[in-house]
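To find a chain, count down the sequence lines: A is the first, B the second, and so on, and within it residues start at 1. Every heavy atom of this structure was used, including side-chain atoms; hydrogens, water molecules and symmetry mates were not. No experiment lies behind these values; they were computed from the predicted model shown.
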Number of protein chains: 2
Amino acid sequence: MATSCKTGSRVAVRPLSEEALEMIARRFALLGEPMRLRLLHALFDGEKSVTALVEASGGTQANVSRHLQAMAEAGLLGRRKQGLQVFYSIADPTLFQLCELVCGSLEEKLARDAKAFARAG
Amino acid sequence: MATSCKTGSRVAVRPLSEEALEMIARRFALLGEPMRLRLLHALFDGEKSVTALVEASGGTQANVSRHLQAMAEAGLLGRRKQGLQVFYSIADPTLFQLCELVCGSLEEKLARDAKAFARAG
DNA sequence: GAACTATATGAGCGAAAGGTAATATAGTGC
DNA sequence: GCACTATATTACCTTTCGCTCATATAGTTC
């Protein structure tokens, strides 16, 4: 979406098929759960086993396993099996940028809100 | 998240509070519904009234109004009232980048999958 | 103020999704 | 083969959430 040909400051937006829309939505939805973000956050400094992720996230083994599987199926995570253990890792580098964008935007918004609050009070 | 100090290719990830995590998740979750993406997509070429958005999205008035309100409360959309009509517009410029990132990532993945399929078949 | 238009809201329904407990599967070492 | 560990899966419960119908609110025009 916002699939674009930037021409100056105006952006030409092309139409999006229903399937494309659902794929995009599904990807955003995957990032829309705190537990999954916690797992991604733990993976940001490198590949980890399921057990390590269970400890890092504080979740149950079953739940963590499910979330990891969902993200792996969507292509967000990579899976590497070694003996008894399974190691997951960030497979989509845009995850870093996505999270930084949202984080930055939220920080700005919070700063603005705080300022407005101070001005009003 | 991925809140970072890039030092070479390694990224130092700092811890995230539970509140921050939920705020980030909420923002992603807002983008995780096709109907809301459809509305955003319609708004990408400029401010529109609710009625216009209802037509553009094919949704019901009640539903569209709810979604617009949710995104406005989150700071994604701006609201301008003029007479009987209410005009909504993109308030967070990072939305363009977010959608472009996801779109690009999905296109790449689809291309890879197609290639793998051809190779396998 | 009455009729009309544009938007918002309340109540209720049904589907989707996260969480958990218990169990299954796969791999290791003895 | 048996005990053990790491991960995945099944069944179930509960909550969340999107959707719709009906109605309320706000603003305009006459």
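- B/Glu18 meets the salt bridge (Lys or Arg N to Asp or Glu O under 4.0 Å) test with A/Arg38; sequence neighbours excluded.
- Heavy atoms only, all atoms of each residue included: A/Gln85 and A/Ser49 are closest at OE1-CB, 3.8 Å.
- To the nearest angstrom, C1' of D/dC17 lies 20 Å from CZ of B/Phe28.
- Heavy-atom nearest nucleotides on DNA chain C were determined for A/Lys81 and for A/Gly59, and the one closer to the 5' end corresponds to A/Gly59.
- When all heavy atoms are compared, the tightest approach of A/Ile90 to A/Leu77 is CA-CD2, 4.1 Å.
- In this structure, A/Leu16 and A/Ile24 have side chains that are in contact, with non-hydrogen atoms separated by less than 4.5 Å.
- Residues passing the side-chain hydrogen bond (donor to acceptor under 3.5 Å, both in side chains) test with A/Arg36 are A/His67, sequence neighbours excluded.
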Below 3.5 Å is the cut-off: list the nitrogen or oxygen pairs between protein and nucleotides 2-9 of chain D, distance only.
from	atom 1	to	atom 2	distance (Å)
D/dT7	OP1	A/Val50	N	3.4
D/dT7	OP1	A/Val86	N	3.1
D/dT7	OP2	A/Thr51	N	2.9
D/dT7	OP2	A/Thr51	OG1	2.2
D/dA8	OP1	A/Arg79	NH1	2.2
D/dA8	OP1	A/Tyr88	OH	2.9
D/dA8	OP2	A/Ser65	OG	2.9
D/dA8	N7	A/Gln61	NE2	2.9
D/dA8	N6	A/Gln61	OE1	3.1
D/dT9	OP2	A/Gln69	OE1	2.8
D/dT9	OP2	A/Gln69	NE2	3.2

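- Whole-Å rounding puts the B/Glu33 CD to C/dA15 C1' distance at 12 Å.
- Distances shorter than 4.0 Å separate some side-chain N or O of B/His67 from OP1 or OP2 on D/dC19.
- Judged by distance alone, with hydrogens and angles left aside, the side-chain atoms of A/Ser57 form a donor-acceptor pair with the main-chain N or O of A/Leu53 at under 3.5 Å.
- Remark: A/Thr60 is in phosphate contact with C/dT20, judged by side-chain N or O atoms under 4.0 Å from OP1 or OP2.
- In this entry the distance linking CG of A/Leu30 with C1' of C/dG18 reads 13 Å, nearest Å.
- Atom CD in A/Glu22 sits about 14 Å away from atom P in D/dG18, given to the nearest Å.
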